[in-house]
Amino acid sequence: MISPFYQQRKKTTRLHILKTEAKTKLAVNTIKLLFNSHPAIVKWSIDLEDIDKVLRVETTSSLTMEDIIDQVKARGIYCEELE
């Protein structure tokens with residue numbers, strides 16, 4: 001049985017999938033510092049093996065895709081929505 005807490009959390013979170021140009025450990029560490037301290041980010045991961053360097057970010061409903069893109073770009077890492 002799935003807990004009611006988990007069901008409620010799934011309703012209030014969003015998954016954003018982005019294409020980045022994060023190729024180095026420095027870029028990943030920059031993203032890590034940003035996302036680990038952000039209260040609206042529940043979970044995130046980046047796949048450096050993928051050609052698109054896919055960034056997956058699970059957020060609360062208060063954080064939009066545009067907010068994530070703006071914050072990552074402000075740190076010098078290209079980022080866009082993956083289509």
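A quick note: this is a predicted structure, and the numbers were derived from the prediction, not measured.
Looking at every heavy atom in both residues, Arg56 comes nearest to Asp47 through NH1-CB, 4.3 Å. The nearest pair of heavy atoms linking Cys79 to Val72 is CB-CG1, 3.8 Å. Scanning both residues, Lys32 and Trp44, for their nearest heavy atoms gives CA-CZ2, 3.4 Å. Pairing each heavy atom of Ser37 with each of Leu34, the nearest pair is OG-O, 3.3 Å. Closest of all the heavy-atom pairs between Thr30 and Arg75 is CG2-CB, 3.7 Å. For Ile46 against Ala22, the heavy-atom pair with the smallest separation is CD1-CB, 3.6 Å.
If you take CG on Leu26 and CD1 on Ile31, they are separated by 10.0 Å, rounding to the nearest 0.5 Å. The line from CD1 of Ile69 to CG of Leu55 is 10.0 Å long, rounded to the nearest 0.5 Å. Atom CD1 of Ile68 sits about 11.0 Å away from atom CD1 of Ile17, to the nearest 0.5 Å. Taking CG of Asp67 as the start and OG1 of Thr59 as the end, the distance is 9.0 Å to the nearest 0.5 Å. Atom NE2 in His16 sits 9.0 Å away from atom CD in Glu66 (nearest 0.5 Å).
A 4.5 Å side-chain heavy-atom check between Lys53 and Lys23 finds at least one atom pair inside the cut-off. Between Thr12 and Thr60, the closest side-chain pair of non-hydrogen atoms is not below 4.5 Å. Residues Leu63 and His38 are in side-chain contact: their nearest non-hydrogen atoms beyond the backbone lie under 4.5 Å apart. At least one side-chain heavy atom of Leu18 sits less than 4.5 Å from a side-chain heavy atom of Met65.
Using a distance-only test at 3.5 Å, with no hydrogens or angles considered, no donor-acceptor pair links the side chain of Asp52 to the main chain of Val54. Judged by distance alone, the side chain of Lys19 and the main-chain N or O of Glu81 form no donor-acceptor pair under 3.5 Å.
The neighbour count for Leu15 CG, taken as heavy atoms of other residues, nucleotides or ligands under 6.0 Å away, is above 12.
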